[in-house]
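Computed over heavy atoms, backbone and side chain alike; hydrogens, waters and symmetry mates excluded. Every number for a ligand or one of its atoms is a count from 1 in the order of the listing.
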Amino acid sequence: MSLPGSTVDTPPTRVTPGSSARAHLFTSGSVERYRRVLADGIERVATRVAGADRPFTGVTPDELAPRIAGIDLDEPLGGTEAALDELQDVYLRDAVYFHHPRYLAHLNCPVVIPALLGEAVLSAVNSSLDTWDQSAGATLIERRLVDWTAERIGLGPDADGIFTSGGTQSNLQAMLLAREEACARAAGAPGARPTRPQLLSRLRILTSAAGHFSVQKAAKLLGLGADAVVTVPTDADRRMDVAELSRELDRCRRDGLLVMAVVATAGTTDFGTVDPLPPIAERCAAAGVWLHVDAAYGCGLLVSPTRRHLLDGIERADSVTVDYHKSFFQPVSSSALLVRDRRVLRHATWHADYLNPARAVTQRIPNQVDKSIQTTRRFDALKLWLTLRVMGPDAVGALFDEVLDRAADVWRLLTEDPRFEVVTRSPLSTVVFRYLPAGPGRLLADEANLYAREALAASGAALVAGTRVDGAHHLKLTLLNPETTLDDVAHVLDLIAGHASRYVRTRTAAELSCPVA
Ligand SMILES: Cc1ncc(COP(=O)(O)O)c(C=O)c1O
């Protein structure tokens, strides 16, 4: 018997007669459909990834938008096969494939298969990590991974943390905790009691010029003033300048401002640099200031067999952001916030009778919502769990090490190539550089680099990122795929040089009003 509205799929073994919608619910009666439908989806993705000869088709928003807008969402296709055919047209064909070795743009990693298995399991079981009564073992698995990560960082026996949706949320929650701790300290200090608005306007966060913009966003969301984030200059290696940090701390004290946190970055987004954590931790301890380390990118060093020492000093942080979805080869989302003193997580706690009544605390019922700024929350920890149980941490660290080795080779390649200028050497896996036209064409360097990046993306042959360094447009390679070879990068550099030099020739010829050769 074929179900109405289900022309392609064979029916599940047990469904309510006449109810086509019910057949799509994942229940004990539909496991056969579940097996078949997911296998079909996996097959489509596998075929697309296997056949990808470049990371992108170069599709433009103008080309894609009408295809998506033209779909009548009130008219279902009725079966998985047809929906997957349509999906091929509106998504799978033109998606950006981080799996491809010439995807070299942002902090997106290829993902490990045990984590994909975790993703399939977690969405099917669909635990919600807010309360024990919606998650059971999942809560304990997440807690175990939080403890494991905190141990790797060295945060000590009172550490705790929570999985989050990403580095942005981890940084936001860290700043929330730091703000509340600063306000509590100020309220307990002798002298006149400032009002909360007065206090908030005096709070400052110090972070380096290369810090992530989520710190600014967090300050805004937390109701701090527009000038709450103070940018500390970086040294020649684009790391936070510790002397400048000391100066800023002194200046804030003199001006009656309260530094609620210093945010050090272990793996800056643009330069992959690690701020000098030990002296920064010294300054924070001396000033009694919360130290947050944003290790969204650099956290992979926690499992690196050869480079763990680059994170020395992180163990002195009050809070740490880690993004497993950057350097642990995990699918988005997979991130956590760790804290040295579990008691500070109370600033994210609110008890509701219908969900996490206060009595649950005395009954020792582990409700993760007490530590999170989310309520319903995915069991993202399962992906990391299966990764560690199948591969182990050393294998993950070895993958990260491979890309760091490759990035060092790429840096050498670029420094020896007169067509390019390199900004700084990263201990991680980014390389920021620009094409430098020779002679008078040098004046067109900015435009040539912008053009080269766009032309490369339009061709789909490779994807690289762009950024501004000291006011000038640069290109950025972020390597996170161990499959990327030096030959891949050399080829991409030739393509960039080709696009950029063609641009300069065309512009120069146009300005001289003579045809391009
Ligand atoms: C240093 C750093 N911190 C935080 C973030 C934000 O992480 P997410 O994109 O997971 O929110 C990023 C993202 O690139 C980052 O590089």
Side-chain angles (χ1 to χ4, degrees), residues 96 98 103-109 111 115 149 153 161-176 178 205-221 229 231-232 234 238-240 261-277 280 291-302 310-311 314 317 319-338 372-374 377-378 380-381 383-384 400 403-404 407 424 426-432 463-467 469 476-480:
V96 175
F98 308 147
Y103 176 81
L104 302 166
H106 303 286
L107 274 164
N108 306 113
C109 54
V111 292
T149 309
I153 296 171
I162 191 77
F163 269 64
T164 68
S165 64
T168 303
Q169 189 187 336
S170 296
N171 286 345
L172 171 64
Q173 183 166 352
M175 292 305 99
L176 167 76
I205 301 168
L206 308 189
T207 193
S208 96
H212 193 255
F213 81 126
S214 53
V215 177
Q216 274 84 0
K217 271 200 180 186
K220 195 169 177 183
L221 289 167
V229 180
T231 300
V232 179
T234 49
R238 311 269 163 187
R239 300 164 6 124
M240 185 187 282
V262 169
V263 178
T265 314
T268 55
T269 317
D270 265 353
F271 305 108
T273 44
V274 179
D275 285 339
L277 302 177
I280 292 173
L291 171 60
H292 176 66
V293 176
D294 177 356
Y297 176 13
C299 61
L301 296 171
L302 293 171
L310 292 175
L311 290 179
I314 195 171
S319 55
V320 177
T321 286
V322 295
D323 259 7
Y324 309 105
H325 64 215
K326 290 186 171 53
S327 47
F328 275 70
F329 304 95
Q330 298 294 294
V332 176
S333 290
S334 185
S335 179
L337 170 69
L338 292 309
S372 177
I373 57 177
Q374 288 175 259
R377 195 162 52 81
R378 287 163 56 84
D380 284 316
K383 296 178 282 192
L384 180 60
F400 193 45
V403 295
L404 305 194
T424 187
S426 161
L428 297 185
S429 63
T430 62
V431 190
V432 181
L463 289 171
V464 304
T467 191
V469 181
K476 179 172 70 164
L477 308 178
T478 308
L479 281 81
L480 278 178

Item to check | Residue pair Cys109 / Phe98, side-chain heavy-atom distance below 4.5 Å | outcome: no
Checklist outcome for this item: ligand 1 to Leu107, heavy atom cutoff 4.0 Å, flagged ligand atoms 14 (O), 16 (O)
Checklist entry - Are any non-hydrogen side-chain atoms of Ser333 and His325 less than 4.5 angstrom apart? => result yes
Next on the checklist: Within the 4.0 Å heavy-atom shell around Ala296, which atoms of ligand 1 are there?
Outcome noted: 2 (C), 3 (N), 4 (C)
Next on the checklist: When you compare the side chain of Thr234 with that of Arg239, does any pair of heavy atoms fall below 4.5 Å?
Outcome noted: no
Next on the checklist: Counting only heavy atoms closer than 4.0 Å, does ligand 1 sit against the backbone of Asn171, its side chain, both, or neither?
Outcome noted: side chain
Next on the checklist: Give me the residue, atom name and distance of the protein heavy atom closest to atom 16 (O) of ligand 1.
Outcome noted: Thr269 OG1, 2.8 Å
Next on the checklist: Taking a cutoff of less than 4.0 Å between a non-hydrogen atom of the residue and any ligand atom, is His106 in contact with ligand 1?
Outcome noted: no
Checklist entry - Can you list the atoms of ligand 1 that are under 4.0 Å from a heavy atom of Gly167? => result 6 (C), 7 (O), 8 (P), 10 (O), 11 (O)
Item to check | ligand 1 to Ser165 polar contact by distance, N or O atoms, under 3.5 Å | outcome: no
Next on the checklist: Using a plain distance cutoff, I'd like to know if Gln169 has any nitrogen or oxygen under 3.5 Å from a nitrogen or oxygen of ligand 1.
Outcome noted: no
Checklist outcome for this item: Here the gap from Gln169 atom CD to Ile162 atom CD1, rounded to the nearest 0.5 Å, amounts to 9.0 Å
Item to check | Heavy-atom side-chain contact between Met240 and Leu206 under 4.5 Å | outcome: no
Item to check | Identity and separation of the nearest protein heavy atom to atom 11 (O) of ligand 1 | outcome: Thr168 OG1, 2.6 Å
Next on the checklist: Check the orientation of Phe400 and Tyr297. Use parallel for under 30°, tilted for 30 to 60°, and perpendicular for over 60°.
Outcome noted: perpendicular
Checklist outcome for this item: For Gly267, the ligand 1 atoms with a heavy-atom partner under 4.0 Å come out as 1 (C)
Checklist outcome for this item: For atom 15 (C) of ligand 1, the closest protein heavy atom turns out to be His212 CD2, 3.3 Å
Item to check | Nitrogen or oxygen atoms of Thr265 and ligand 1 under 3.5 Å apart | outcome: no
Checklist entry - Any side-chain heavy atom of Phe328 sitting closer than 4.5 Å to one from Val322? => result no
Item to check | Side-chain touch Phe271/Val432, heavy atoms, less than 4.5 angstrom | outcome: yes
Item to check | Heteroatom distance test (Lys326, ligand 1): nitrogen or oxygen, under 3.5 angstrom | outcome: yes
Checklist entry - Which atoms of ligand 1 are found less than 4.0 Å from any heavy atom of Asp323? => result 7 (O), 8 (P), 10 (O)
Next on the checklist: Could you tell me if the side chain of Leu172 sits less than 4.5 Å from the side chain of Lys217, heavy atoms only?
Outcome noted: no
Checklist entry - For atom 3 (N) of ligand 1, what's the nearest protein heavy atom and its distance? => result Asp294 OD2, 2.6 Å
Checklist entry - Are side-chain heavy atoms of Asp380 and Tyr324 found at a separation under 4.5 Å? => result no
